[in-house]
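Notes follow once the structure below has been shown.
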Number of protein chains: 2
Amino acid sequence: MYLCSIMARNKEFDIAERLGKAKDLFWEKGYNATSMHDLVDTMKLNPGSIYGTFGGKHQLFMESLKMYCAQSLVHYENAATKAKSPLDAIKAIIQKAIERAFTEDKACLLVKSSFELAKSDAEAHALLKQESAALISMLEKLIRLAQAADEINPNKDAKTMATFIVVSFAGFWQMQLLFNDETMVRNMSKLLLDSFR
Amino acid sequence: MYLCSIMARNKEFDIAERLGKAKDLFWEKGYNATSMHDLVDTMKLNPGSIYGTFGGKHQLFMESLKMYCAQSLVHYENAATKAKSPLDAIKAIIQKAIERAFTEDKACLLVKSSFELAKSDAEAHALLKQESAALISMLEKLIRLAQAADEINPNKDAKTMATFIVVSFAGFWQMQLLFNDETMVRNMSKLLLDSFR
DNA sequence: TACATTTTTGAATGATCATTCAAAAATGTA
DNA sequence: TACATTTTTGAATGATCATTCAAAAATGTA
């Protein structure tokens with residue numbers, strides 16, 4: 001017995017490419033402020049195609065958030081790869097976050113969505129928690145390496161420091177939104193690193 | 001010539017009290033997710049009374065945010081007043097922020113609204129910027145006092161440290177929303193203070 | 001008490017929301 | 001080429017949105 005033995009018409013568009021457009025729109029406007037009409041315009045897809053392919057606004061958002069987080073993590077991993085030591089890798093990730101905040105000119109979708117949805121949307125909350133934990137976990141590993149290399153105070157808790165980096169990122173993005181002062185944020189990133197000594 | 005020489009009917013409700021109800025609703029749900037119908041229910045006022053008194057949803061939100069920020073500042077000032085030294089005052093404010101995050105169980109309206117509205121609502125952006133600057137300014141003064149008393153490193157920039165406290169608050173609220181782990185946040189607040197040494 | 005004026009009431013308005021659906025168009029396989 | 005099946009299309013749906021408005025109720029002053 002063959003499943004899908006007759007295929008008929010194929011989709012005319014690239015699913016990942018259109019999901020990318022949806023992701024960018026949610027990123028810019030936030031979940032609630034993005035309407036299906038906006039998505040239809042931006043994705044250049046009719047409602048029927050969006051529902052048939054992605055299921056609906058909420059499922060589309062969840063996939064958008066997953067794509068955003070996966071790409072973010074790649075950005076940070078790439079920045080870390082070029083570094084000469086674990087501490088340099090951590091510094092490179094912090095620099096990358098600041099660079100992103102001021103060039104992309106919109107706040108991290110993960111942070112934005114945490115404040116918008118964590119309390120009201122259990123499904124989104126679970127994903128936000130998981131993706132944040134993944135970023136913290138990546139940083140924690142680097143911090144342990146830096147501690148082993150005696151670049152970071154080995155008496156301080158690695159997970160706490162890793163979380164504090166992510167905590168600072170949220171604030172960096174807020175400061176970018178409100179004051180758009182890159183020098184000030186770079187100065188704060190030095191304080192952040194001082195707390196690891 | 002008399003303006004309002006004839007007064008006729010007076011308002012049946014207390015404006016500040018109903019504004020407080022609106023503030024609590026915006027605080028819980030965020031601007032976009034709060035509907036006028038929600039406000040009518042919560043404020044126990046008809047649409048006509050809300051429009052006649054406050055002007056509309058946006059103006060009502062702006063007044064709600066002002067009220068929230070004024071009350072926040074009072075909370076922090078009260079916490080600081082009881083302290084024995086400038087550094088103790090700063091510590092008390094940080095403790096108060098964490099205590100608020102975990103007892104109120106919803107993120108600071110100023111932080112939430114920064115991520116929701118800063119990029120799309122110029123009027124809200126101006127107010128958010130102003131209110132954040134006021135909090136930073138209050139902390140900066142305390143830091144300068146602590147530096148004069150040699151409780152905080154006098155070689156570090158007071159404004160940067162003050163801003164870094166507010167930056168950390170944003171992240172503390174995010175962590176409360178996602179992980180609800182008060183111990184972790186308290187540990188991070190120790191790192192924050194370490195960065196001032 | 002009379003009444004000019006304000007407040008309250010809640011239905012009405014027109015726009016927009018997410019979602020559904022039936023018909024038309026397209027196409028892989030037989 | 002024939003056609004079963006899928007995709008596309010975009011109008012239709014019913015709910016909800018912020019806001020307006022006209023009529024009823026209330027009241028301070030004369």
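Chain naming here is simple, since letters A, B, ... match the order of the sequence lines and numbering starts at 1 in each.
- Partners of B:T53 under the side-chain contact (heavy atoms from CB on, under 4.5 Å) rule, at least two apart in sequence or in another chain, are B:K11, B:F13, B:I15.
- Protein atom NZ of A:K11 is 17 Å distant from nucleotide atom P of D:dT5, rounded to whole Å.
- Between A:L142 and A:I93 there is a side-chain heavy-atom pair separated by less than 4.5 Å.
- To the nearest angstrom, P of D:dC17 lies 8 Å from NZ of B:K29.
- Comparing atom distances between the A:M36 side chain and each of D:dG28, C:dA18, D:dT19 picks out C:dA18 as nearest.
- Comparing D:dT8, C:dG28, D:dA18 against the side chain of A:E12 picks out D:dT8 as the nearest.
- For A:A83, the side-chain contact (heavy atoms from CB on, under 4.5 Å) partners are A:D88, A:A89, not counting sequence neighbours.
- Side-chain polar atoms of A:S49 and A:R18 form no donor-acceptor pair below 3.5 angstrom.
- With distances taken from any side-chain atom of A:P47 to the nucleotides C:dG28, D:dG10, D:dT19, the minimum falls on D:dG10.
- Within the structure, salt bridge (Lys or Arg N to Asp or Glu O under 4.0 Å) contacts touching residues 113-139 of chain B (residues at least two apart or in different chains) are A:D105-B:K119.
- Taking B:R144 as the reference, B:E140, B:Q147, B:A158 meet the side-chain contact (heavy atoms from CB on, under 4.5 Å) condition, with sequence neighbours excluded.
- B:S49 comes within 4.0 angstrom of a base, heavy atoms only.
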(request) Could you summarise the pairing of DNA chain D as dot-bracket text, marking Watson-Crick and G-U pairs under 3.5 Å with ( ) or [ ] inside the strand and | across strands? (result) ||||||||||||||||||||||||||||||
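- The closest side-chain heavy-atom distance from A:F169 to A:C108 is not below 4.5 Å.
- Between A:Y68 and A:W27, the two ring planes are perpendicular [angle over 60°; tilted spans 30° to 60°].
- Note on B:T53: nothing from the nucleic acid sits closer than 4.0 angstrom, heavy atoms only.
- In terms of polar N and O atoms assigned as donor or acceptor, the side chain of A:R9 never comes within less than 3.5 Å of the base of D:dT6 in a complementary pairing.
- Less than 4.0 Å separates DNA chain D from no heavy atom of any residue of residues 54-67 of chain A.
- Comparing A:S35 and A:G48, the nucleotide of DNA chain C nearest to each residue sits closer to the 5' end for A:S35.
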